[in-house]
Enquirer: 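Next up is a structure, given as structure tokens.
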There are 2 protein chains.
Amino acid sequence: MTNKDVDSARRGKPATPAEFQVEAFQKCREARRTELMEDYVELIDDLIAQAGEARQTDIARCLGVTQPTVAKMLKRLGDERLVTQRPYRGVFLTEDGKRLASTSRRRHEIVEAFLRKLGVGPEAARNDAEGIEHHVSVETLTAFEHFLRKNPD
Amino acid sequence: MTNKDVDSARRGKPATPAEFQVEAFQKCREARRTELMEDYVELIDDLIAQAGEARQTDIARCLGVTQPTVAKMLKRLGDERLVTQRPYRGVFLTEDGKRLASTSRRRHEIVEAFLRKLGVGPEAARNDAEGIEHHVSVETLTAFEHFLRKNPD
DNA sequence: CATGAAACATAGCCTTGGCAATACATGATG
DNA sequence: CATCATGTATTGCCAAGGCTATGTTTCATG
Ligand SMILES: [Mn+2]
Ligand SMILES: [Mn+2]
Ligand SMILES: [Mn+2]
Ligand SMILES: [Mn+2]
């Protein structure tokens, strides 16, 4: 549905308060489209840093999914020019992939540190941050950082 | 993949730090499965409260999706015994639906109020809360509430 | 250097959540 | 009361993201 369609659909009806949410729901759907890609590049970057390489089976084990699921996703990430693969040699990040991994991890770390600072336990903070990170705008991230600076250890 | 499979796949390999994330990713996928249902029942509840009824077209307009998309989702929500429909009369929540709407809205409101209190602007807070709410555990929600009480207006 | 285990690839299936197009039902209104 | 705008239902399409089952390739190692 285009914005024009939305507008014309709205003609004649007063904007109900609930209607203000449209943009929020749209941003949410956009986040859903990209969050898996972010998790993948971040994880691949972690694995390369920790183990020297990122294999499909390692990625699958970390994510808790099967290897064919990973294989299909890696194809998508390859289409998006975020990763390259050398069979039996591992998965590698392109420059774009490294950039996305870096910004994603930074955001992820801030979110998790923020939750910890707020008093959330390590397991819940880890679990919640994994989902929350993808829905945090720059403005909110800045607020989190500000809170962290204002409450040093 | 069963947990047993995961375990046996891990045999012989030292648990890398990245592996601790498995549970977080699993919880994330679970949240993705239910977040749309939560948004629907909450929105239906809002519309009934504000306009006296919740029509497919209203729901579609608020969500920014098309009417067939809403129709299909309502069928799912009906299967899950969360809503009932009377054609040309609107959508109604079952008792289960009302319960889910109520807990979802409470959580949603706390998340949004928390972001506002943290200094996030109204638009960003509204947009981010729409996504974040589905990934907030009870523990984190409690921490948010605690922060709100500790920082009254 | 043969061979078997592990890694990888591929095919086929499923559900979810989108879309457009179209058909049908209802109710407001002239 | 006939008509038509609106609301609803249905169909067919698509992409994403899961799965199992099965084939193929590599590589360690006996
Ligand atoms: Mn992450
Ligand atoms: Mn994540
Ligand atoms: Mn909500
Ligand atoms: Mn939401």
Side-chain angles (χ1 to χ4, degrees), chain A residues 1-6 8-13 22 25-40 47 51 53-80 83-92 134, chain B residues 1-6 8-13 22 25-26 28-40 43 47 51 53-80 83-92 134:
Chain A
M1 186 155 61
T2 66
N3 283 336
K4 198 163 131 293
D5 291 339
V6 172
S8 62
R10 186 163 40 212
R11 232 192 326 265
K13 276 210 182 181
V22 186
F25 285 126
Q26 283 168 344
K27 282 192 194 302
C28 245
R29 288 196 294 275
E30 172 62 20
R32 283 188 67 145
R33 237 202 47 217
T34 52
E35 60 189 39
L36 248 198
M37 301 195 329
E38 294 171 354
D39 285 337
Y40 265 79
L47 285 172
E53 60 178 13
R55 298 302 193 92
Q56 286 191 13
T57 46
D58 301 330
I59 299 171
R61 188 159 28 85
C62 288
L63 291 174
V65 299
T66 62
Q67 170 265 323
T69 295
V70 171
K72 199 197 287 188
M73 183 50 118
L74 289 177
K75 215 164 286 175
R76 257 193 73 204
L77 295 179
D79 292 345
E80 307 270 355
V83 308
T84 57
Q85 289 189 78
R86 292 166 53 202
Y88 303 92
R89 287 287 177 278
V91 182
F92 306 90
H134 310 284
Chain B
M1 187 156 59
T2 66
N3 283 335
K4 198 163 134 292
D5 290 338
V6 173
S8 64
R10 185 161 43 211
R11 231 191 328 264
K13 275 210 183 183
V22 187
F25 286 124
Q26 283 168 345
C28 246
R29 288 195 294 274
E30 172 62 19
R32 284 188 65 146
R33 237 201 46 216
T34 52
E35 59 188 45
L36 248 197
M37 302 197 325
E38 295 171 354
D39 285 337
Y40 265 80
L43 174 59
L47 285 172
E53 60 175 15
R55 298 302 194 91
Q56 286 191 12
T57 46
D58 301 331
I59 299 171
R61 188 158 28 85
C62 287
L63 290 173
V65 299
T66 62
Q67 171 265 323
T69 296
V70 172
K72 199 196 288 186
M73 183 51 118
L74 289 177
K75 214 164 286 174
R76 259 192 72 204
L77 295 178
D79 292 345
E80 308 271 355
V83 307
T84 57
Q85 288 188 79
R86 293 165 53 202
Y88 304 92
R89 287 285 178 280
V91 182
F92 306 90
H134 310 284

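Note on naming: letters A, B, ... go to the chains in the order of the sequence lines (proteins, then strands), and numbering restarts at 1 for each one. From a predicted model like this one, the values you see are computed outputs, not experimental measurements.
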Enquirer: Roughly how far, to the nearest 0.5 Å, is the CZ atom of B:Arg89 from the CD atom of B:Glu53?
Expert: 9.5 Å

Enquirer: Expressed in angstrom and rounded to an integer, what is the separation of A:Glu53 atom CD from D:dC27 atom P?
Expert: 11 Å

Enquirer: Measure the NE2-CD distance between B:His134 and B:Glu38 for me, rounded to the nearest 0.5 Å.
Expert: 6.0 Å

Enquirer: Closest-nucleotide mapping onto DNA chain D: is A:Arg33 or B:Gly90 further toward the 5' terminus? I mean the 5' end.
Expert: B:Gly90

Enquirer: Quick one: which of C:dT10, C:dC19, D:dG18 gets closest to the side chain of B:Val65?
Expert: C:dC19

Enquirer: Check every atom of D:dT8, C:dA7, D:dC19 against the side chain of A:Thr69 and return the nucleotide holding the closest atom.
Expert: D:dC19

Enquirer: To the nearest angstrom, how far is B:Leu77 atom CG from C:dT16 atom P?
Expert: 11 Å

Enquirer: What is the nucleic acid contact for A:Gln67, judged by heavy atoms within less than 4.0 Å: base, sugar-phosphate only, or nothing?
Expert: base

Enquirer: If each of B:Met73 and B:Pro68 is mapped to the nucleotide of DNA chain C with the nearest heavy atom, which maps nearer the 5' terminus, i.e. the 5' end?
Expert: B:Met73

Enquirer: Less than 4.5 Å apart, any side-chain heavy atom of B:Gln26 and any of A:Leu63?
Expert: no

Enquirer: Write down the distance between CG (A:Leu74) and P (D:dG18), rounded to a whole number of angstrom.
Expert: 12 Å

Enquirer: Would you check if B:Val65 and A:Arg29 make a side-chain contact, meaning some heavy-atom pair closer than 4.5 Å?
Expert: yes

Enquirer: Can you tell me how far apart CD (B:Glu80) and CE (B:Met37) are? Round to the nearest 0.5 Å.
Expert: 5.0 Å

Enquirer: Measuring to OP1 and OP2 of C:dA11, would you say a side-chain N or O of A:Lys72 lies under 4.0 angstrom away?
Expert: no

Enquirer: Do the side-chain N or O atoms of B:Arg32 get closer than 4.0 angstrom to the phosphate oxygens (OP1, OP2) of C:dT16?
Expert: no

Enquirer: Atom CD1 of B:Ile59 to atom C1' of C:dG18: distance rounded to whole Å?
Expert: 16 Å

Enquirer: Could I get the full list of side-chain contact (heavy atoms from CB on, under 4.5 Å) partners for A:Gln85, not counting sequence neighbours?
Expert: A:Gln56, A:Leu74, A:Val91

Enquirer: Please tell me which of the listed nucleotides, C:dA9, D:dG18, C:dG18, lies nearest to the side chain of A:Gln85?
Expert: C:dA9

Enquirer: Run B:Tyr40 and B:Val70 through side-chain contact (heavy atoms from CB on, under 4.5 Å) and show every step you take.
Expert: CA-CA 9 Å; B:Tyr40 265 80; B:Val70 172; 3.8 Å; yes

Enquirer: Taking CZ from B:Arg55 and C1' from D:dT8, how many angstroms apart are they, rounded to a whole number?
Expert: 10 Å

Enquirer: Is there any protein nitrogen or oxygen under 3.5 Å from a nitrogen or oxygen in nucleotides 26-29 of chain C, and what are the pairs?
Expert:
unit_1: C:dG27; atom_1: OP1; unit_2: B:Arg89; atom_2: NH1; d: 2.7
unit_1: C:dG27; atom_1: OP1; unit_2: B:Arg89; atom_2: NH2; d: 3.0

Enquirer: Using whole Å, what does the distance between atom C1' of nucleotide D:dG7 and atom CZ of B:Arg86 come to?
Expert: 15 Å

Enquirer: Measure from CG on B:Leu36 to C1' on C:dT16 and round the result to the nearest Å.
Expert: 9 Å

Enquirer: Rounded to whole angstroms, how far apart are CG on B:Asp58 and P on D:dT8?
Expert: 8 Å

